[in-house]
Amino acid sequence: MRGVFYLAWRYLTWHRFKTSVLVGAISLVLFLPSGLQLLINRTAEDMTARAIATPLLLGSRGSPVELALNSLYFSEDYPSQLDYLELDRLNETGLVDAIPLYIRYRARGHAIVGTSLDYFTFRGLEIADGRPLVELGEAVLGGAVAQELGLSVGDSVISSPETLFDLAGVYPLKMTIVGVLATSHSNDDQAIFVDLKTAWIINGLGHGHQDLNKTAAANVVLTTSDEQVVANASLVNYNEITSDNRDSFHFHGDLSDYPLTAVLPIAVDRKSATLLQGRYLDHPTLQLIEPVKVMDELLATVFAVQRYVLFAIAMVAAATAAVVVLVFMLSLRLRRGELLTMTRLGGARWAITSLIAAEIIIVLIMAATVAALLNLALVLWGDTLLNSLVLRS
Amino acid sequence: MLRQLTALLLLTLSVGCSQPPDQQGDAQPAAALQEGIVYTVNYPLAFFAEYLGQGGLRVELPVPAEEDPAYWQPQPEIVLGYQQADLILLNGPGYAWVNRVSLPANTQVDTSTAYTGHFIELDTGPVHSHGPEGDHSHGEIAFTTWLDMSLASLQAAAVAQALQKLMVDPQELEQRLAALQSELSSIDAALIEAGQILDNAPVLFSHPVYQYLSDRYGLNGQALHWEPEIYPDEADWNALDKILSEHPATIMLWEDQPIPEIESELRKRGIVVVVFKPLGRRPDSGDFLAVMETNVQLLSAAVTAM
């Protein structure tokens, strides 16, 4: 038997081009379904990992998908807003520590995430360069943002207006970059983080301007009385917060009415999470979602296309198998003289059959080995491939 | 050769069938710190935390000695210290810098939530709005709430509740709180008595920081804006004389001992200087209770001698 495999091996190595083509074709057919499954599973895992790490999300009643995508993946479409009061109410339950999110604005294509310092602790985000947020008007960049835009500590980034022709809109805010986060291989790498109040200032809910009680300029005052001074629209708001004007920044109205896009409730334990879900089950204006369930449903829909791809691969596999069989059959026909020679030399029928079978087995083993190596490479380096190709989008 | 191929195949298949990498785990928040670092915004809160913690905590009040904590603007390095604290005790009203910096929400404790209905709004001039329909800005609220001993007692209770998070022994904490509130109650009773003796007699305040003292103990006071180390100019003295014509005060409460020239000039007008330290910042000597007792003694002596 060893002799048969030796002869088969020598034949295959002599016809190395044909062997290489056969091994390549069969290995690809073997690798594609398993590799695709591995890639899809890894993609789904990465996309749902963030949802798994965020057990609950509170938002205004509406599309759970929009709420999850905006809060976890910083999509451009943002959900209906809820009042900051709801965060206070959540904290008062004693069941959770609530983290605010206000993700509405963008700067140079990247989401501006208005939140609190607790977000960084929750997500395990570390500062790689500079320091955390301290004062209004400061920004901390995700690692990928800093790299892509060529920005570093000390530079500035300006928020983008929501619409181009909004004459009555708020001026863009110029923010000083004080820190850059270490790479976390998540969507946080692609975001610009600011204090929640800074995000409200971008909104126009907070601003700084000259002191209306002291100004002698009549052209910025609409009416004045002992209790109140009313300014007109010609009053210019500062569009950058500096050490000179920081003290002038203030907010109008009640902060409890100020907007959030979502609240991250961090439950103290599982029982607290369950209790909280019960409280918001039939809430008329709010929804408390489990992001992992929302993402599972979304991915099930998206990856339904996987079945069509696998069907196509099966068709290709069948075609490849047919071609391989054809190649072997044609090869046998071409080797008829060689096989006749073996017979005349005394080779038994079973020995010649074994020889042909050995060639096929060796080719299959080699193809399986190559397919396994490709799977191994995907297991070892699939994360890097995904991070560079999938998560960048 | 065949054996080698088989061995290689078995090896790669075994690796290829290995378990997928672990899922990215939850990004758990940092574990609760055990060091017990408490940052405060003024001296009363620092004192309450020190008294109730009894050395088991590290209490910080990083305001420079020459600064008024209510109007202080900390440098970023100082704010970073606040961010690292296990607990940040806030006064409630005043201390506008707190709203202009980033602090972790889950370590902040507003110690005034039990008495927000007792806040005193200051007359700081007109508020403003943008356009006739816009929301208006807010007026300021007096912040020296601890000069009302009943509010100080509630604030101490809030500090005690907050310290429970740092796993200070609850029984010891309760005992210390009771002791502290007993001391505050004694001071409260003495001040009530002083207020009753005064019986709405007009008094003056060198600075507008005694709103809660006036409100709780019935002091009929008017506030000036005089500094103990700066001799007022002629216009200031004329303004005082005008006030005295309608508000004939014989006692003037000062944040600190004024220079002799001021005291002499006030004495000519029949006004006795009473040093009543507001204790917003750490005193040069003594602690909150000791200095408050001194305040009470000086005030009581002055009203008794009227």
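Letters go in sequence order (proteins before strands), and every chain restarts at 1.
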Considering residues, nucleotides and ligands other than B:Glu67, do more than 12 of their heavy atoms fall under 6.0 Å from its CD? yes
Can you confirm whether more than 12 heavy atoms, excluding those of B:Glu246, are under 6.0 Å from its CD atom? no
For a 4.5 angstrom cut-off between non-hydrogen side-chain atoms, does B:Leu80 reach A:Pro132? yes
4.5 Å side-chain heavy-atom contact, B:Gln73 and A:Glu135: yes
If you count the non-hydrogen atoms of other residues, nucleotides and ligands that lie under 6.0 Å from CD in A:Glu126, is the total more than 12? no
Interatomic distance, B:Asn106 atom CG to A:Asn91 atom CG [nearest 0.5 angstrom]: 9.0 Å
Are any side-chain N or O atoms of B:Gln83 and backbone N or O atoms of A:Leu133, one a donor and one an acceptor, separated by less than 3.5 Å? yes
Atom pair CG (A:Leu117) and CD (B:Gln84), whose distance is rounded to the nearest 0.5 Å: 9.5 Å
Which value, rounded to the nearest 0.5 Å, describes the distance between A:Leu196 atom CG and B:Ser102 atom OG? 9.5 Å
About how many Å separate CG of B:Asn99 and CG of A:Leu136, when rounded to the nearest 0.5 Å? 8.5 Å
